[in-house]
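Since the structure comes first, as structure tokens, the remarks are kept for the end.
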Amino acid sequence: MADARIPQRGGAAVADVLRWLPGTGLSTLIALAATFVSTLHGGPQLLYALFFGIAFNYLSHEPRTRPGIEFCSRTLLRLGVGLLGARITGSQIASLGWVSAIVVVVGVLTTLGLGLLLARRFGLTRAQGVLSGGAVAICGASAALAIAAVLPREKDGARFTLMVVVTVTVMSTLAMVLYPLVARALDLPPALAGLFIGGTIHDVAQVVGAGYTLGPEAGDIATVVKLFRVAMLALVVVVVAAAFKRARERAETEHAGGRVVAKQPLVPWFLWLFAAMVVLNSLGAVPAALQQGLNAVSRACLVVAIAALGMKTSFMQLARAGWRPLALILVETVWLAALVLASAFFLR
């Protein structure tokens, strides 16, 4: 009888896809439900996806769905972060001006440093300090997920990451309401109000919402400032990956039961994708329609990944994270807001 078997490589790829299908389909369904509720009633889409996912935590232990959940929480997450680069162009960053750029850079670096410093005081690890500081300093949940992807595996790593996602999303939503009131009360001109809003609020969507409540000029500036913070994500993740490279390889070896694993690349593949998207977008090689499509795909990947991460934890696990992550992110948020606001007053 003729051998009609699929070639080994192709067969393995098909087998992987078939193993991923149930968990991926489930994660996608939860993401669609979160999107529907967010569209119908308002509120943060990522937070809904996280909580809906947690409600199905038991399925992460089911052999049929577990491979797909792992695929979504790791590979699909990295793809979503890589495609974030489609939002950014070099001209947007250049339009900021060097003074505003310095304020943003100082805000990002000092917030990361504060996270490292306070993590030790709160009895948390260096990795947890970097993760919380990066989430607050750069772009909220997206930054938390990107940085977590290059940190070493820790016992409570997934739980802490989800706690950071929950906290920064809630704080970003509160900031979207409160910060425009602060800008109006202090009578900040549109340029400085945009710098304050874009330089402090965690999530891109909340920056846009808060910025344009203060007028089109403030909204435009806030959006560009925020995109500059997002552009810094690639550099921060490269530095974090280099700093934790040995610890990550050691953790991967332990996770593999002592079996030696391949060395981890200094620059993960999704950061190359991020950089390529920024370059292509800056050269005008990405049409507007395609750019919008890539942004939508990026957002969809992140929502599905959050749903999968939610299924990998439980409300009890989140509760066991305690008050320390909340306090750490609150202090970092207040620090960043105070620093950028003080800079706005100095520039008046």
Other residues, nucleotides, ligands: >12 heavy atoms within 6.0 Å of [X] [atom1]:
{"X": "F345", "atom1": "CZ", "answer": "yes"}
{"X": "Y212", "atom1": "OH", "answer": "yes"}
{"X": "R19", "atom1": "CZ", "answer": "yes"}
{"X": "R184", "atom1": "CZ", "answer": "yes"}

**Message:** Nearest 0.5 angstrom please: C72 SG to W20 CH2, how far?
**Reply:**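 Atom-to-atom, C72:SG and W20:CH2 are 10.0 Å apart.
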Any luck finding a side-chain donor-acceptor pair between [X] and [Y] under 3.5 Å?
{"X": "T169", "Y": "H202", "result": "no"}
{"X": "E332", "Y": "T111", "result": "no"}
{"X": "Q128", "Y": "R324", "result": "no"}

Write down the atom of [X], the atom of [Y], and the distance for their closest heavy-atom approach.
{"X": "L294", "Y": "M277", "value": "CD1-CE, 3.2 Å"}
{"X": "A308", "Y": "S27", "value": "CB-OG, 3.7 Å"}
{"X": "V230", "Y": "I138", "value": "CA-CG2, 4.1 Å"}

**Message:** Would a single hydrophobic cluster contain both I54 and F36, if residues Ile, Leu, Val, Met, Phe, Trp and Tyr are joined by side-chain heavy-atom contacts under 4.5 Å?
**Reply:**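 Looking at the clustering, I54 is in a separate group from F36.
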**Asked** Given the rule that I, L, V, M, F, W and Y join up when any side-chain heavy atoms are under 4.5 Å apart, are V237 and F244 in one cluster?
**Response**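 In one cluster: yes.
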**Message:** Check the orientation of Y48 and F52. Use parallel for under 30°, tilted for 30 to 60°, and perpendicular for over 60°.
**Reply:**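 Plane angle under 30°, so parallel.
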**Request:** Evaluate the side-chain contact (heavy atoms from CB on, under 4.5 Å) criterion for residues F196 and V182: first the C-alpha distance (whole Å), next the side-chain angles of each, then the deciding distance (0.1 Å), finally the verdict.
**Result:** CA-CA 10 Å; F196 171 57; V182 172; 4.2 Å; yes
